[in-house]
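One structure below.
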Amino acid sequence: MDIESLKEGILKGQRRALAKGITLSESTRSEHQAEAQKLLTALLPHTGGAIRLGFTGTPGVGKSTFIEAFGTFLTEQGLKVAVLAIDPSSTLNGGSILGDKTRMEHLSRNPKAFIRPSPSGGSLGGVARRTREALLMCEAAGYDVILIETVGVGQSEVAVAEMVDMFLLLLSPGGGDDLQGIKRGIMELADLVIVNKADGDLEAAAKRAAADYTLALHLMRPKSPNWTAHVCLASALKSKGLEEIWQAVGQYREKLGDSGELAANRADQAVSWMWSEIHDQLVDRFRDHLPERLAETETAVREGKLPPTAAARELLEAFLG
């Protein structure tokens, strides 16, 4: 593959080149990974100009509907928007199950928007292993806002919070999302809480929920000295509250940007990414090393003939030795 041509195509904002670059980074073949790293290194000086937003929420909260409405609102402001939607992976063929692109039909036809659904590949937290690389490629292609949607289960919230500038939590009224049903850890991660579906019969319930969440946030220590998380009401169906949310994003970026915290967070995230890659690549090489010995040891552990800790020690000694 001609990496230089691919790089030039991405920098010119060519969607086909961007899609090819992301596909290259997602490949598990070693030669493709080497090419992907060359491409990413060449693109790195052209990244960093976008605002990176992560979205999570309980299943059924309407994440895809909200992101489509919010993305459409942003494109109407003249901005280019990229959506990286992380789908659960099928255990049969490894492909995406939910198919977010089909659920964002209007936005997917918008010339100012780019939607890339990626299977999680079974990685921790349901976050695609190469999402960070896709994010940087989208920035190099000139996209102003990057929206990352998570599966919304397990540790995906933590994983996405470590790759975005601002983390937004979507909640719905009347859906069992009372304070007892929301993990405190997720609330502590949120930079902005959005109560969605605040329309029609649910509008009153949404206002009550917003009051409850506002009180809960007041009882928590802010994760940033320069920003206090608060609650916004929104209706993706009616496109209500989107401007207020975008204003909050602007205020957040301004306050953390002026204090230097935004740049420091991105630097910390880059180092965290490096260690995550070290871990993943070590595990990959470990599995490829002495596969027969690994299978034998797994069988011994499964049959109760060898303690897991002793098995791990033996395999590590064989790998390192």
Side-chain angles (χ1 to χ4, degrees), residues 1-50 52 54 80-90 93-96 99-101 108 113-150 159-160 162-164 266-267 269-291 319:
M1 185 173 290
D2 188 350
I3 298 300
E4 186 62 29
S5 297
L6 199 54
K7 169 199 165 187
E8 293 302 322
I10 291 174
L11 292 178
K12 290 177 183 176
Q14 296 174 2
R15 298 159 69 94
R16 185 177 178 84
L18 177 57
K20 278 187 174 181
I22 295 175
T23 299
L24 182 67
S25 74
E26 290 176 346
S27 173
T28 55
R29 293 176 59 176
S30 58
E31 62 270 28
H32 289 172
Q33 274 301 304
E35 291 176 338
Q37 295 314 310
K38 289 180 183 176
L39 175 62
L40 198 64
T41 301
L43 292 173
L44 200 59
H46 306 279
T47 63
R52 307 165 182 175
K80 290 182 66 180
V81 178
V83 179
L84 304 177
I86 295 138
D87 268 356
S89 291
S90 166
N93 58 24
S96 298
D100 286 84
K101 199 164 186 176
S108 65
F114 175 82
I115 301 178
R116 177 72 180 206
S118 299
S120 62
S123 59
L124 178 63
V127 177
R129 185 170 169 181
R130 299 300 169 194
T131 302
R132 294 180 178 92
E133 295 179 0
L135 184 155
L136 292 179
M137 289 185 193
C138 288
E139 287 187 339
Y143 286 89
D144 304 298
V145 186
I146 315 293
L147 310 179
I148 301 180
E149 178 192 0
T150 74
V160 168
E162 291 180 350
M163 69 175 75
V164 297
R266 286 192 175 187
Q269 288 171 356
V271 174
S272 176
W273 178 7
M274 180 193 74
W275 281 107
S276 176
E277 277 298 312
I278 289 173
H279 175 271
D280 290 341
Q281 290 186 33
L282 276 174
V283 171
D284 287 344
R285 294 189 183 189
F286 181 80
R287 288 184 178 278
D288 293 338
H289 189 71
L290 301 174
F319 175 68

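- How far OG of S276 is from CZ of R132: 5.0 Å, rounded to the nearest 0.5 Å.
- Contact record, S27 with Q33: O-NE2, 2.8 Å, taken as the closest heavy-atom pair.
- The shortest heavy-atom contact between I3 and L24 is CD1-CD2, 4.1 Å.
- Using the six-membered ring where Trp is involved, F286 and F319 have ring planes that are perpendicular, over 60° apart on the 30 and 60° scheme.
- Distance CG/L84 to CD1/I22: 6.5 Å, rounded to 0.5 Å.
- In terms of heavy atoms, K80 sits closest to G142 at CD-O, 3.8 Å.
- H289 NE2: more than 12 foreign heavy atoms inside a 6.0 Å radius.
- In this structure, W273 CH2 and D280 CG are separated by 12.0 Å, a value rounded to the nearest 0.5 Å.
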Practice problem: Apply side-chain contact (heavy atoms from CB on, under 4.5 Å) to the pair L136 and E139, showing each step before the final yes or no. | Solution: CA-CA 5 Å; L136 292 179; E139 287 187 339; 3.8 Å; yes
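- Residues E35 and R29 form no side-chain contact, since every pair of their non-hydrogen atoms from C-beta on lies 4.5 Å or further apart.
- With rounding to the nearest 0.5 angstrom, the NZ atom of K38 is 14.0 Å from the NZ atom of K7.
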Counting only pairs under 3.5 Å, give me each side-chain donor-acceptor contact of residues 41-50, with atom names and distances, residues two or more places apart or in other chains.
from, atom 1, to, atom 2, distance (Å)
T41, OG1, Q37, O, 2.8
T47, OG1, L44, O, 2.7

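- Considering every non-hydrogen atom in both A140 and L11, the closest pair reads O-CD2, 3.6 Å.
- Residues that satisfy the side-chain hydrogen bond (donor to acceptor under 3.5 Å, both in side chains) test with T23, not counting sequence neighbours, are R116.
- Nearest heavy-atom pair, D288 versus P291, reported as atom, atom and distance to 0.1 Å: O-CD, 3.7 Å.
- Side-chain atoms of E149 do not come within 3.5 Å of backbone N or O of G54 as any donor-acceptor pair.
- By the 4.0 Å N-to-carboxylate-O rule, E277 lies close enough to R130 to be salt-bridged with it.
- The structure places CZ of R15 at 10.0 Å from SG of C138, a figure rounded to the nearest 0.5 Å.
- Looking at residues two or more places apart in sequence or on another chain, you find no salt bridge (Lys or Arg N to Asp or Glu O under 4.0 Å) involving R16.
- Rounded to the nearest 0.5 Å, atoms CE (M163) and CD (E133) are 10.5 Å apart.
- T131 is not listed as a side-chain neighbour of V160, based on a closest heavy-atom distance of 4.5 Å or more.
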